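Note sheet for the following structure.
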Amino acid sequence: MAPAAPDAERGVYGISVAAELVGMGVQNLRLYEARGLLEPVRTDGGTRRYSANDLARLRRIGDLLGAGLNLAGIGMVLDLEVENARLRAAKQGPRTSQ
DNA sequence: CTTCTGACA
DNA sequence: TGTCAGGA
């Protein structure tokens with residue numbers, strides 16, 4: 001069957017490596033998490049573990065930030081993005097869609 | 001690594 | 001408002 005653990009959901013990066021990959025400071029990533037923009041998996045007594053999916057979200061945050069949106073607006077956009085993906089996936093599921 | 005406070009653009 | 005910086 002299909003792999004039980006998708007790489008995109010498995011946190012493999014620490015906060016410092018994730019911050020460098022997205023080009024942001026570690027303090028910023030913690031602020032985004034405090035704002036509810038994303039929720040990295042917490043392991044090992046409180047250390048954050050960022051997955052490839054979280055890195056993509058961090059890049060989206062930086063892009064929306066540059067677009068002139070604030071953290072509150074970005075959080076709403078990210079929420080709608082996830083909701084849209086969920087609706088789209090449920091819509092064109094096991095049925096002869098367009 | 002974590003959390004908080006302070007100051008700056 | 002968001003980011004950077006320091007200290008505990």
Side-chain angles (χ1 to χ4, degrees):
Chain A
M1 299 308 189
D7 294 3
E9 276 188 43
R10 184 113 56 167
V12 288
Y13 308 104
I15 183 168
S16 129
V17 53
E20 286 193 43
L21 285 171
V22 300
M24 294 174 179
V26 298
Q27 196 69 264
N28 291 329
L29 303 194
R30 289 183 213 148
L31 190 67
Y32 301 154
E33 193 234 27
R35 284 286 173 168
L37 269 56
L38 40 52
E39 284 195 41
V41 299
R42 215 86 149 197
T43 76
D44 182 47
T47 51
R48 299 168 174 80
R49 203 56 109 188
Y50 291 85
S51 62
N53 205 313
D54 291 329
L55 292 187
R57 189 166 312 198
L58 283 170
R59 281 194 171 178
R60 198 78 36 93
I61 292 169
D63 193 40
L64 292 170
L65 226 54
L69 285 161
N70 57 13
L71 296 182
I74 293 168
M76 298 174 75
V77 171
L78 289 170
D79 189 46
L80 292 173
E81 290 274 288
V82 171
E83 186 179 306
N84 178 278
R86 185 184 67 81
L87 291 171
R88 188 180 300 181
K91 181 181 181 179
Q92 68 181 232
R95 202 156 287 217
T96 44
S97 54
Q98 299 181 347

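Everything quoted here is computed from the prediction, not taken from an experiment. The chains referred to below are lettered A, B, ... by the order of the sequence lines, with proteins before strands, and numbering in each begins at 1.
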### Task
Indicate yes or no: at least one non-hydrogen side-chain atom of A/V22 is less than 4.5 angstrom from one of A/Y13.
no

### Message
Quick check: closest heavy atoms across A/L55 and A/A18, and the distance to 0.1 Å?
### Response
CD2-CB, 3.6 Å

### Message
Below the 4.0 Å mark, does B/dC1 have OP1 or OP2 next to a side-chain nitrogen or oxygen of A/S16?
### Response
yes

### Query
Would the number of heavy atoms belonging to other residues, nucleotides or ligands and lying under 6.0 Å from CZ of A/R42 be above 12?
yes

### Query
Sequence neighbours excluded, which residues qualify as salt bridge (Lys or Arg N to Asp or Glu O under 4.0 Å) partners of A/E9?
none

### Task
Take atom CG of A/D63 and atom P of C/dG2, then tell me their distance rounded to the nearest Å.
16 Å

### Task
Answer yes or no: side-chain N or O of A/Q27 and base N or O of C/dG6 forming a donor-acceptor pair under 3.5 Å.
yes

### Query
Which heavy atom in A/V77 sits nearest to a heavy atom in A/L64, and how many Å separate them?
CG1-CD1, 3.7 Å

### Query
Which of these nucleotides, B/dT2, C/dT3, C/dT1, is closest to any side-chain atom of A/N70?
C/dT1

### Task
May I have the distance from A/N28 (atom CG) to B/dT2 (atom P), rounded to whole angstrom?
14 Å

### Query
Which part of the nucleic acid, if any, lies within contact of A/R42, taking any heavy atom under 4.0 Å across all strands shown: a base, the sugar-phosphate backbone alone, or nothing?
sugar-phosphate

### Message
Are the side chains of A/V82 and A/R57 in contact, using a 4.5 Å heavy-atom criterion?
### Response
yes

### Query
With a non-hydrogen cut-off below 4.0 angstrom, is A/L31 in contact with a base, only sugar-phosphate, or nothing?
base

### Query
How does DNA chain C read in dot-bracket, base by base from 5' to 3', with Watson-Crick or G-U pairs under 3.5 Å and | used when the partner is on another strand?
||||||.|

### Task
Check whether any side-chain heavy atom of A/L65 lies under 4.5 Å from a side-chain heavy atom of A/L71, and answer yes or no.
yes

### Query
How close or far is atom P of C/dT1 from atom CD1 of A/I61, stated in whole angstroms?
18 Å

### Message
In this structure, how many angstroms lie between the C1' atom of B/dT2 and the OH atom of A/Y50, rounded?
### Response
12 Å

### Query
How close or far is atom P of C/dG2 from atom CZ of A/R35, stated in whole angstroms?
6 Å

#### Entry: Interatomic distance where CD1 belongs to A/I74 and C1' belongs to C/dT1 [whole Å]
11 Å

### Query
Expressed in angstrom and rounded to an integer, what is the separation of A/E20 atom CD from B/dC1 atom P?
10 Å

### Query
Atom CZ of A/R30 to atom C1' of C/dC4: distance rounded to whole Å?
13 Å

